[in-house]
There are 2 protein chains.
Amino acid sequence: MQEPTFLILTALAAEPCHGYGVIQAVEALSEGDVRLRPGTLYGALDRLTEQGLVEVDREEAVDGRLRRYYRLTSSGTAALAQQVARMRRHADAAELRLRPA
Amino acid sequence: MQEPTFLILTALAAEPCHGYGVIQAVEALSEGDVRLRPGTLYGALDRLTEQGLVEVDREEAVDGRLRRYYRLTSSGTAALAQQVARMRRHADAAELRLRPA
DNA sequence: TCGACATATATCGTCAACCGTAGTATATCG
DNA sequence: CGATATACTACGGTTGACGATATATGTCGA
């Protein structure tokens, strides 16, 4: 799993969110480091939906604009948790080699 | 930076190592999870060399077989350390959203 | 009032990176 | 004498991220 995908799942972990909201959430939680482009976001959202990690929560019409909310599935929550563990293991391993005992 | 690339840098962080040794080191430090294929490894090594994160340490001939050792450059060490920090930040952010206060 | 900007999503083409497979070559062990 | 371990090279395919563009509406400032 790559960084943008991970951050999208993270953004959706707290509560359902629509596409544009995910872009903002990711920028906020990465402290401005990661700015998702529409191409990346909607591509990833489609892919994650197909994989069953994410699903459409509801659709709202706000000011005539469609707003589609997505949420994590239980499968998505599990995948995210697993990825967190994996990243921590790898970060620990790297740090150990960077700062030898 | 993707996972295989990160693990290759990690493997080289402790001491210079040749290609095949990196494959084994990565398998060991990921607890058997990640088995690098030659295509992935040597492609990444070439790319990292071009980027100045890695350089050839020395070449040895062992039993008529070439053995090319690579080592991290200071640039590579810095990149790895930066990536560790980034991963920790993201892992923390994800965990916060997975287990709300 | 007119343009810039924020909100929201859709789509398309491209490229980097990873991946699998196969090939070459030698040494060792059963 | 075949299997396995060591060690690198080469090629082709797929995925995922990316940039750019398009569409549409509302708001705010000059």
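Each chain gets a letter, A, B and so on, in the order the sequences are listed, and its residues count up from 1.
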Between B/Val26 and B/Leu7 the two heavy atoms that sit nearest each other are CG2-O, 3.6 Å
Given A/Arg47 and A/Glu50, is the side-chain contact (heavy atoms from CB on, under 4.5 Å) satisfied, shown in steps? CA-CA 5 Å; A/Arg47 191 170 14 92; A/Glu50 238 175 87; 5.7 Å; no
Expressed in angstrom and rounded to an integer, what is the separation of B/Glu60 atom CD from C/dT26 atom P? 19 Å
Rounded to the nearest 0.5 Å, what separates atom CG in B/Leu9 from atom CZ in A/Arg97? 12.5 Å
Return the value, rounded to whole Å, for the distance between atom CD1 of B/Ile8 and atom P of D/dC8. 13 Å
Could you tell me whether the side chain of A/Pro4 reaches within less than 4.5 Å of the side chain of A/Val34, counting heavy atoms only? no
Please report the distance, rounded to the nearest Å, between CG in A/Asp46 and P in D/dA17. 12 Å
Enumerate the protein-to-nucleotides 23-25 of chain D contacts in which both atoms are nitrogen or oxygen and the separation is below 3.5 Å.
{"from": "D/dT25", "atom 1": "O2", "to": "A/Arg65", "atom 2": "NH1", "distance (Å)": "2.6"}

Atom pair distance, as rounded to whole Å: CD in B/Glu3 and C1' in D/dT15: 15 Å
Taking pairing as Watson-Crick or G-U wobble with both contacts under 3.5 Å, can you name the mate of D/dA3, or confirm there isn't one? C/dT28
In whole Å, I'd like the distance from the CD atom of A/Gln2 to the C1' atom of D/dT14. 13 Å
Atom OG1 in B/Thr49, atom OH in B/Tyr70: separation rounded to 0.5 Å? 5.5 Å
Round to a whole Å and report the spacing from CZ of A/Arg47 to P of D/dT15. 10 Å
Which of the following nucleotides, C/dA17, D/dC8, D/dG16, is nearest to the side chain of B/Arg68? D/dC8
Please say whether more than 12 non-hydrogen atoms of neighbouring residues, nucleotides or ligands are located less than 6.0 Å from CD in B/Gln51. yes
Residue pairs passing the side chain to side chain donor-acceptor pair (under 3.5 Å) test with at least one member in residues 11-26 of chain A, sequence neighbours excluded, are none
From CE of B/Met1 across to P of C/dA16 the rounded distance in Å is 17 Å
Just the rounded figure in Å: distance from C1' of D/dG16 to CD of A/Gln83. 14 Å
Let me know which of A/His90, A/Met87, A/Glu95 forms a side-chain contact (heavy atoms from CB on, under 4.5 Å) with B/Val84. A/Glu95
Pairs flagged by side chain to side chain donor-acceptor pair (under 3.5 Å) wherever residues 35-46 of chain B is involved - sequence neighbours left out: B/Glu27-B/Arg35
Note: contacts of residues 9-24 of chain A with DNA chain C (heavy atom, under 4.0 Å) are A/His18, A/Gly19, A/Tyr20, A/Gln24
Give, ordered by number, those residues of residues 26-43 of chain A having at least one heavy-atom distance below 4.0 Å to an atom of DNA chain C; if nothing qualifies, reply none. A/Pro38, A/Gly39, A/Tyr42
For salt bridge (charged side-chain N to carboxylate O under 4.0 Å, His left out), just list the numbers for B/Asp92 and A/Arg88, CA-CA rounded to whole Å, side-chain angles, deciding distance to a tenth of an Å, and then say yes or no. CA-CA 9 Å; B/Asp92 287 347; A/Arg88 283 210 197 283; 2.9 Å; yes
Give the table of side-chain donor-acceptor pairs shorter than 3.5 Å for residues 52-62 of chain A, with sequence neighbours excluded, one pair per line with atom names and distance.
{"from": "A/Glu55", "atom 1": "OE2", "to": "A/Arg71", "atom 2": "NE", "distance (Å)": "3.0"}
{"from": "A/Glu55", "atom 1": "OE2", "to": "A/Arg71", "atom 2": "NH2", "distance (Å)": "3.4"}
{"from": "A/Asp57", "atom 1": "OD1", "to": "A/Arg71", "atom 2": "NH1", "distance (Å)": "2.1"}
{"from": "A/Arg58", "atom 1": "NE", "to": "A/Glu60", "atom 2": "OE2", "distance (Å)": "3.0"}
{"from": "A/Arg58", "atom 1": "NH2", "to": "A/Glu60", "atom 2": "OE2", "distance (Å)": "3.4"}
{"from": "A/Glu59", "atom 1": "OE2", "to": "A/Arg68", "atom 2": "NH1", "distance (Å)": "2.8"}

